[in-house]
**Student:** 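If you scroll down you'll find the structure; I have some questions about it.
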Amino acid sequence: MTPPPLPSLAAPAVRSPPRLPHPAPGAMASSEEDGTVEEKENNNKKRTKSAVATAWLTFYNIAMTAGTVRLWQDRKRSFESLDLSRRTKRENQRELWLVLAISMMRFYVQRGTHKGLYRSIARTLKFFQTFALVEVGHCAIGIVRTSVILTGVQVCSRIFMVWFITNSIRQIQNEESVILFLVVWTVTEITRYSYYTFNLLHHLPYFIKWARYNLFIVLYPLGVVGELFTIYAALPFVRRSGMYSMRLPNKYNVSFDYYYCLIAVMLSYIPLFPQLFFHMLRQRRRVLHGEVIVEKDV
Ligand SMILES: CCCCCCCCCCCCC[C@@H](O)CC(=O)SCCNC(=O)CCNC(=O)[C@H](O)C(C)(C)COP(=O)(O)OP(=O)(O)OC[C@H]1O[C@@H](n2cnc3c(N)ncnc32)[C@H](O)[C@@H]1OP(=O)(O)O
């Protein structure tokens, strides 16, 4: 299927060289031997940078996939003692996506309901979804070849969902739509970070590659449905409470209505979501079908 040409953030407009596999840290052009001292020094610097970047990305991706990191938590507590029913707010776990998935399953099995699930994982979710801002930095400094804008839109929209919608409006935290986007995000991120990790280690099982570039076809629309229904469910509470809004007169002489801001955010999915989705379709064609995609670097 050929996606329609979009006036896009990453439209195939300017010819840039096709993406090549990242050179293995340590691999250098053979002409290096013949270069000047200055060239050799530059090559050495590049090699070190690339090794550091690869090491950092490998660590980051493993931490984000498996997440054995437990910040600010009593390390003496065993995994078994992470009984959700006994956990206090302060004791909430801070593990990342894989453990988040396990926590959600355990919660559902133990309680037989999704009610309260969001609160039980809220701290973990807020921590690592916010931490994902690092990915915008990865693109900005050029250690991954991805659009800063697309990554920024993706990460910021998730942070907005977590902090300014779900976390701020308690009344909607038990909505089914919240569980929908949580499950979808979790499956996506386990697949995505596993893909990056195995890819960096040059041992990528085909099923992970397949999952990374196929599951999104179903998961992306499902995630969007979950997010939009959640914002929609928030609207009456926002209108009633007047939260995050500023009415005139005030000393700044500025008026802001969060209710209409949320409606604008919902509408912004119409132009923005297709950009992300078609970007992923292009990535899919490139990675699974070996097509050379010429993308404008944004
Ligand atoms: C503040 C107000 C906010 C207003 C909101 C406005 C709303 C906007 C609408 C937004 C809708 C979003 C909905 C969404 O939240 C719902 C969901 O997510 S549902 C779940 C399904 N979603 C997905 O599958 C997308 C997940 N996200 C992503 O994949 C990325 O964020 C994205 C930027 C979309 C695409 O990623 P990328 O461009 O990086 O593609 P690739 O994964 O193919 O990677 C390209 C190359 O970069 C290398 N790479 C990237 N990251 C890393 C890393 N961490 N470590 C190592 N390598 C990395 C990758 O290997 C590729 O390398 P190569 O070119 O050599 O193959």
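Counting starts at 1 for both ligands and their atoms, following the listed order.
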**Student:** Short N/O distance, under 3.5 Å, between Glu135 and ligand 1?
**Tutor:** no
**Student:** Regarding atom 36 (O) of ligand 1: of the candidates Gln275, Arg284, Gln154, Arg212, which has the closest heavy atom?
**Tutor:** Arg212
**Student:** Take the angle between the ring planes of Trp56 and Phe59 and call it parallel below 30°, perpendicular above 60°, tilted in between.
**Tutor:** tilted
**Student:** Which ligand 1 atoms does Ser268 reach within 4.0 Å, using its non-hydrogen atoms?
**Tutor:** 6 (C), 7 (C)
**Student:** Side chain or backbone of Met161 under 4.0 Å from ligand 1, or both, or neither, by non-hydrogen atoms?
**Tutor:** neither
**Student:** Give the single entry among Gly226, Gly223, Ser157 that approaches atom 12 (C) of ligand 1 most closely by any heavy atom.
**Tutor:** Ser157
**Student:** Between Phe273 and Tyr220, is the ring centroid distance below 6.0 Å?
**Tutor:** yes
**Student:** Quick one: which of Trp185, Trp56, Phe160 has a heavy atom closest to atom 2 (C) of ligand 1?
**Tutor:** Phe160
**Student:** Return yes or no for this condition: an N or O of Tyr193 is under 3.5 Å from an N or O of ligand 1.
**Tutor:** no
**Student:** Among Phe277, Tyr220, Phe216, whose heavy atom sits nearest atom 34 (C) of ligand 1?
**Tutor:** Tyr220
**Student:** Less than 3.5 Å between some nitrogen or oxygen of Tyr195 and one of ligand 1, yes or no?
**Tutor:** no
**Student:** Polar-atom distance check: Tyr269 versus ligand 1, any N or O pair below 3.5 Å?
**Tutor:** no
**Student:** Any N/O of His138 closer than 3.5 Å to an N/O of ligand 1?
**Tutor:** no
**Student:** Measure from the side-chain N and O atoms of His203 to the backbone N and O of Leu201, and report whether any donor-acceptor pair falls under 3.5 Å.
**Tutor:** yes
**Student:** Considering only heavy atoms of Leu276, which atoms of ligand 1 have at least one such atom less than 4.0 Å away?
**Tutor:** 10 (C), 11 (C), 12 (C), 34 (C)
**Student:** Taking non-hydrogen atoms only, is Arg286 closer than 4.0 angstrom to ligand 1 via side chain, backbone, both or neither?
**Tutor:** side chain
**Student:** When only distance counts, is Glu227 in polar contact with ligand 1, meaning an N/O pair under 3.5 Å?
**Tutor:** yes
**Student:** Taking atom 24 (O) of ligand 1 as the point of reference, which of Val144, Thr188, Thr197 owns the nearest heavy atom?
**Tutor:** Thr188
**Student:** Should you measure from each heavy atom of His279, which atoms of ligand 1 turn up under 4.0 Å away?
**Tutor:** 35 (C), 37 (P), 38 (O), 40 (O)
**Student:** So is Met64 touching ligand 1 or not, going by heavy atoms under 4.0 Å?
**Tutor:** no
**Student:** Centres of the Phe277 and Phe216 rings: under 6.0 Å?
**Tutor:** yes
**Student:** Counting heavy atoms only, which of Ile143, Val155, Thr146 is nearest atom 47 (O) of ligand 1?
**Tutor:** Thr146
**Student:** How does Asn61 reach ligand 1, by side chain, by backbone, by both or by neither, if only non-hydrogen atoms under 4.0 Å count?
**Tutor:** side chain
**Student:** Quick test of your reading of the model: are Glu176 and Lys115 salt-bridged, counting only N-O distances below 4.0 Å?
**Tutor:** no
**Student:** What atoms of ligand 1 come within less than 4.0 Å of a heavy atom belonging to Arg158?
**Tutor:** 15 (O), 17 (C), 18 (O)
**Student:** Between Val265, Ile217, Leu150, which one has a non-hydrogen atom sitting closest to atom 4 (C) of ligand 1?
**Tutor:** Val265
**Student:** Considering residues at least two apart in sequence or located in another chain, which fulfil the side chain to side chain contact (heavy atoms under 4.5 Å, CB included) criterion with Asn214?
**Tutor:** Trp210, Ile217, Arg284, Leu288
**Student:** Taking only heavy atoms of Tyr213, which atoms of ligand 1 are found under 4.0 Å from at least one of them?
**Tutor:** 41 (P), 42 (O), 43 (O)
